[in-house]
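Just the heavy atoms: all of them, side chains too, but no hydrogens, waters or symmetry mates, feed the values below. Numbers restart at 1 for each chain; the letters A, B, ... are given by sequence-line order, proteins then strands.
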Amino acid sequence: MSKPTLARGTRDFGPTQMAKRNYIFDTIRRIFQRYGFQPLETPSIENLSVLMGKYGDEGDQLLFKILNSGNFAENLTPTDLGENYKKLTTKISEKGLRYDLTVPFARYVVMNRNDLVMPFKRYQIQPVWRADRPQKGRYREFYQCDADVVGTDSLLCEAEIVLMIHEVLRGLGVADFTVKINNRKILTGIAEVIGAPGQEGPMCVAIDKLDKIGKEKVEDELRERGFTDENIAQLQPIFTLTDDQSDIFARLRGWLAGSEIGLKGVSELEEVGAKVAAFGLQNPQIQMDVTLARGLSYYTGAIFEVKANGVQMGSISGGGRYDNLTGAFGMPGLSGVGISFGVDRIYDVMEELKLFPENQTTSTRIMLTNFDADAERYGLGILRQLREAGFNAEMYPDAAKLKKQFDYADRKNIPFVLIIGSDEIQTGILSLKNMQTGEQQKLTLSEITGLL
RNA sequence: GAGAUUGUAGCUCAGUUGGUUAGAGCGUCGGAUUGUGGUUCCGAAGGCCGCGGGUUCGAGACCCGUCUUUCUCCCCA
């Protein structure tokens with residue numbers, strides 16, 4: 001018999017982990033609903049025609065593809081086998097596992113466009129799969145928690161996302177964090193004013209590494225990517241704008257005066273800030289960061305990223321505004337803005353900061369001992385009454401040694417044990433033991449339900 | 001996709017230049033204690049040394065392949 005193993009890059013979540021993960025999921029779900037988002041679930045499996053071509057060539061490679069059922073090789077010819085594997089794949093696989101929640105969401109919106117109430121606010125908490133090479137904090141199966149609003153350009157949505165981030169993290173006890181916010185239009189504007197219009201893509205790839213490799217190396221990389229010394233000289237304000245937030249909008253306007261789109265980005269950013277302020281958010285933890293560029297390929301407006309302070313960890317949440325979510329499915333012009341929480345990273349942050357509440361592990365409040373057939377029969381009646389009174393209760397299933405039964409209760413963190421033997425059956429007075437203090441007292445059932 | 005790295009008991013790890021019967025701590029189980037958990041003491045079980053091939057009189061150790069772990073790059077959550 002060979003030992004079983006997990007598939008590469010996957011994990012089990014035992015009862016202890018599940019209690020903690022559910023605590024995170026429940027908090028996020030509660031806040032999403034409080035902001036008017038409605039739940040959506042889509043299938044794990046999608047047709048490859050839905051998934052392919054949406055994530056770029058690299059993304060297509062990272063898709064888990066499902067071999068056709070039955071004799072998948074039935075219609076293959078020797079010529080097919082001689083083809084490159086990508087062509088062969090299309091002949092033997094028609095379905096794949098979901099790669100993210102956004103594309104299935106877009107498919108859903110297109111398929112239900114006539115029935116949806118627009119603007120449509122949906123949240124979705126489901127696992128996704130990527131055939132990536134696993135690393136620390138990177139798995140082949142992991143959960144995403146997305147909330148998106150589609151069908152409106154209103155900046156109120158951006159402001160609400162900022163508010164939700166604050167509420168979720170504070171709800172989880174993560175007090176010290178920074179919501180970094182930028183706008184794609186500002187990045188476009190910067191490319192214009194430094195004399196490299198349309199080059200914000202390569203510009204951002206380099207600038208994005210500022211934290212990691214420092215200013216000098218960023219400039220080297222910009223040169224490698226074809227930026228002139230003149231471009232780089234014009235770019236200098238970017239290195240001071242983030243550190244010093246005072247008058248940031250005025251300084252941005254000065255720098256981007258020559259770019260209409262850049263100025264629009266600044267106005268949008270400012271308006272989002274104003275709406276957050278109007279809501280009355282206490283002690284906002286927001287930072288304008290003109291070097292923030294995540295997911296540049298599809299964001300068109302606001303860009304968010306959230307970092308927990310005081311721990312060595314990448315971003316725990318991110319999102320932004322995109323145009324044309326559903327364009328790939330033949331429904332152009334639908335704008336949306338969304339946020340995604342990284343549960344695994346939030347879990348690690350909370351673990352490191354010891355933010356999980358105690359006693360998440362068990363839900364059983366009281367356990368009944370099991371002496372023998374008579375005591376079990378008597379105890380079952382008590383058990384029913386305890387459960388009817390609303391308590392999580394269980395009886396030890398075997399007439400094992402008491403030592404073993406107490407050990408079980410101890411290890412399951414059950415706070416109370418009810419001892420039912422011949423004495424208790426005769427008198428009707430039950431022995432209740434408090435497992436934390438070790439104290440034991442003789443009580444009637446109604447006294448016990450009162451005490452619990 | 002590229003480079004490096006790891007794999008020995010349930011867990012964390014020892015294991016000498018290749019040489020008898022592969023060890024420790026923790027955990028598990030049993031007993032001390034037949035109506036009372038945590039602590040203590042005593043005892044026991046538990047290993048195809050990741051898997052497949054090769055070199056050798058002899059392989060946990062050396063060689064090749066493969067899977068796996070971790071890390072960097074790429075990319076991302």
>> Using atom P in both nucleotides, what's the gap between B/rG60 and B/rG7 to the nearest angstrom?
In response: 16 Å
> For the side chain of A/Gln405 and the base of B/rG35, is some donor closer than 3.5 Å to an acceptor across the two?
Replying inline: no
>> I want to confirm an ordering. Mapping A/Gly438 and A/Tyr143 to their closest nucleotides on RNA chain B, which one lands closer to the 5' end?
In response: A/Gly438
> Among all residues two or more places apart in sequence or in another chain, which pass the side chain to side chain contact (heavy atoms under 4.5 Å, CB included) test with A/Asn283?
Replying inline: A/Arg170
>> Please pick, from B/rC76, B/rG35, B/rG37, the nucleotide with the shortest atom-to-atom distance to any side-chain atom of A/Asp410.
In response: B/rG37
> Can you list every pair that meets ring pair (Phe, Tyr, Trp, His ring centres under 6.0 Å) and has a residue in residues 157-176 of chain A, with sequence neighbours left out?
Replying inline: A/His166-A/Phe177
> Please give, in whole Å, the distance from B/rC75 C1' to A/Tyr139 OH?
Replying inline: 17 Å
> Considering residues at least two apart in sequence or located in another chain, which fulfil the side chain to side chain contact (heavy atoms under 4.5 Å, CB included) criterion with A/Lys442?
Replying inline: A/Glu424, A/Ile429, A/Ser431
> Reading nucleotides 25-30 of chain B 5' to 3', which nucleotides get B (base under 4.0 Å from a protein heavy atom), which S (sugar-phosphate only), which -?
Replying inline: ---S-S
> Taking all atoms of both residues into account, what is the closest heavy-atom pair of A/Lys185 and A/Ile261, and its distance?
Replying inline: CB-O, 3.5 Å
>> Taking side chain to side chain contact (heavy atoms under 4.5 Å, CB included) as the definition, give me every residue that meets it alongside A/Ser154, ordered by chain and number, with sequence neighbours left out.
In response: A/Thr152, A/Leu156
> Which pairs with one or both residues in residues 336-350 of chain A pass side chain to side chain donor-acceptor pair (under 3.5 Å), sequence neighbours excluded?
Replying inline: A/Arg11-A/Asp344, A/Arg21-A/Asp344, A/Asp146-A/Ser340
> How would you list all residue pairs meeting ring pair (Phe, Tyr, Trp, His ring centres under 6.0 Å) that involve residues 402-452 of chain A, not counting sequence neighbours?
Replying inline: A/Tyr396-A/Tyr408
> Is A/Phe371 touching bases, backbone alone, or none of the nucleic acid, heavy atoms closer than 4.0 Å?
Replying inline: base
> Contact class for A/Asp423 (heavy atom, under 4.0 Å): base, sugar-phosphate, or nothing?
Replying inline: base
> For atom P, what is the distance between B/rG54 and B/rA59, given to the nearest Å?
Replying inline: 12 Å
>> Once you apply a heavy-atom cut-off of 4.0 Å, does A/Glu424 come out as touching a base, just sugar-phosphate, or nothing?
In response: base
> Mind pulling the stems RNA chain B is in, i.e. runs of at least three Watson-Crick or G-U pairs, everything under 3.5 Å?
Replying inline: B:1-4 with B:70-73, B:10-13 with B:23-26, B:28-32 with B:40-44, B:50-54 with B:62-66
>> On RNA chain B, compare the nucleotides closest to A/Leu6 and A/Arg345; which residue's is nearer the 5' end?
In response: A/Leu6
> Separation of A/Arg11 atom CZ from B/rU68 atom P, in whole Å?
Replying inline: 17 Å
>> Can you tell me whether the side chain of A/Lys433 and the base of B/rU36 have a donor-acceptor pair closer than 3.5 Å?
In response: yes
> How close or far is atom C1' of B/rU33 from atom CZ of A/Phe406, stated in whole angstroms?
Replying inline: 14 Å
> A/Lys403 has a side chain; which of B/rU72, B/rA77, B/rG38 sits nearest to it?
Replying inline: B/rG38
>> Which residues pass the side chain to side chain contact (heavy atoms under 4.5 Å, CB included) test with A/Gln287, not counting sequence neighbours?
In response: A/Thr178, A/Lys180, A/Thr242, A/Gln245
> Would A/Glu224 and A/Lys217 pass as an ion pair if we require N to O under 4.0 Å?
Replying inline: no
> For atom P, what is the distance between B/rC29 and B/rG37, given to the nearest Å?
Replying inline: 15 Å
>> Please report the distance separating the P of B/rG30 from the corresponding atom of B/rA45, rounded so that it comes out in whole Å.
In response: 15 Å
>> Between B/rA77 and A/Phe142, is there a base-stacking contact, meaning the centre of the base's six-membered ring lies under 5.5 Å from the residue's ring centre while the planes stay under 30° apart?
In response: yes
> By ring pair (Phe, Tyr, Trp, His ring centres under 6.0 Å), which residues pair with A/Tyr99, not counting sequence neighbours?
Replying inline: A/Tyr55
> For B/rU36, does either OP1 or OP2 sit under 4.0 Å from a side-chain N or O belonging to A/Gln440?
Replying inline: no
>> Between C1' on B/rA77 and CD on A/Gln124, what's the gap in Å once rounded to a whole number?
In response: 15 Å
> Counting only side-chain N and O atoms of A/Arg8, is one of them less than 4.0 Å from OP1 or OP2 of B/rC67?
Replying inline: no
>> Rounding to an integer number of Å, can you tell me how far A/Glu305 CD sits from B/rC76 C1'?
In response: 11 Å
> Is the shortest side-chain N/O distance from A/Arg138 to OP1 or OP2 of B/rC76 below 4.0 Å?
Replying inline: no
> Base, sugar-phosphate alone, or nothing: which one does A/Gly319 contact when heavy atoms must sit under 4.0 Å apart?
Replying inline: nothing
What pairs of nitrogen or oxygen atoms, one from the protein and one from nucleotides 3-6 of chain B, lie under 3.5 Å apart?
unit_1, atom_1, unit_2, atom_2, d
B/rG3, O6, A/Arg133, NH1, 3.4

>> Tell me every residue that passes salt bridge (charged side-chain N to carboxylate O under 4.0 Å, His left out) with A/Arg107, counting only those two or more places apart in sequence or in another chain.
In response: A/Glu46
> For the rings on A/Tyr123 and A/Phe32, is their centre-to-centre separation under 6.0 Å?
Replying inline: yes
> What distance, rounded to whole Å, do you find between the two C1' atoms, one in B/rU69 and one in B/rU8?
Replying inline: 15 Å
> Which value, in whole Å, describes the distance between the P atoms of nucleotides B/rG27 and B/rG38?
Replying inline: 12 Å
> Do you know which two heavy atoms are closest between A/Tyr139 and A/Gly9, and how far apart they sit?
Replying inline: CB-O, 3.3 Å
